[in-house]
Amino acid sequence: MIRTILTYPNPELKKKSAPVKIITDSVRELVQDMANTMYDAPGIGLAAPQIGVHQRVIVIDISGKNEPPDLIVAINPTIVYAEGEVYEEEGCLSVPDYAANVRRHASVVVKALDIEGVERTWKADDLLAIAFQHEIDHLDGILFIDHLSALKREIFQRKVRKAAEERR
Ligand code: NI
């Protein structure tokens with residue numbers, strides 16, 4: 001099922017998500033819905049809180065093929081090692097029509113459970129490293145715009161207010 005992606009400034013996006021205790025059928029269904037929703041958007045990553053579910057689940061696929069073979073499912077992901085620095089443009093399905101450069105680690109090592117409940121380790125660089133950091137941030141209620149300077153964030157918020165006024 002394709003779910004509705006919540007967008008800024010929905011307060012649900014600011015809430016911290018809880019760890020998944022057991023991988024039940026409902027968690028498997030959530031993962032399936034998240035993958036479908038991400039591919040439909042289309043996007044390269046999605047975190048459960050973006051569809052209003054506050055559980056620590058993310059899906060990522062940077063292949064651009066928009067189908068499962070390269071799908072990464074990470075449950076309760078944690079960054080166990082990070083190094084280097086990049087400053088690349090990011091966007092987010094929850095922050096439509098906006099992109100900005102964000103400072104991130106260039107390489108990360110992420111540990112998580114996969115959909116079978118098996119602990120997996122990913123060593124990620126570049127775009128995949130950015131995607132992991134961006135999606136894991138969502139689980140802590142952090143959006144990429146929260147990493148911007150106060151001035152850039154002010155410009156962004158002005159743009160959002162203006163768009164909201166124009167819709168009225
Ligand atoms: Ni995002």
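Quick note: numbers below take in every heavy atom, side chains included, and nothing from hydrogens, waters or symmetry partners. Everything numeric in this text was worked out from a predicted model, so none of it was measured. Both counts, for ligands and for their atoms, begin at 1 and track the order of listing. If you read the sequence from its start, that first residue is 1, and numbering goes on from there.
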Ile44 with Val108, same ILVMFWY side-chain cluster at under 4.5 Å | yes
To the nearest 0.5 Å, atom CD of Glu135 lies from atom CD1 of Ile72 at 11.0 Å
Residues passing the side-chain hydrogen bond (donor to acceptor under 3.5 Å, both in side chains) test with Glu154, sequence neighbours excluded, are Arg161
Heteroatoms of the protein, restricted to N/O/S, which lie under 2.8 Å from the Ni ion (ligand 1) | Cys92 SG, His134 NE2, His138 NE2
Nearest 0.5 Å please: distance from the CZ atom of Arg56 over to the CG atom of Leu139.
-> 5.0 Å
Would you please say whether a donor-acceptor pair under 3.5 Å links the side chains of Ser17 and Gln55?
-> no
Quick one: are the ring centres of Phe156 and Tyr8 less than 6.0 Å apart?
-> yes
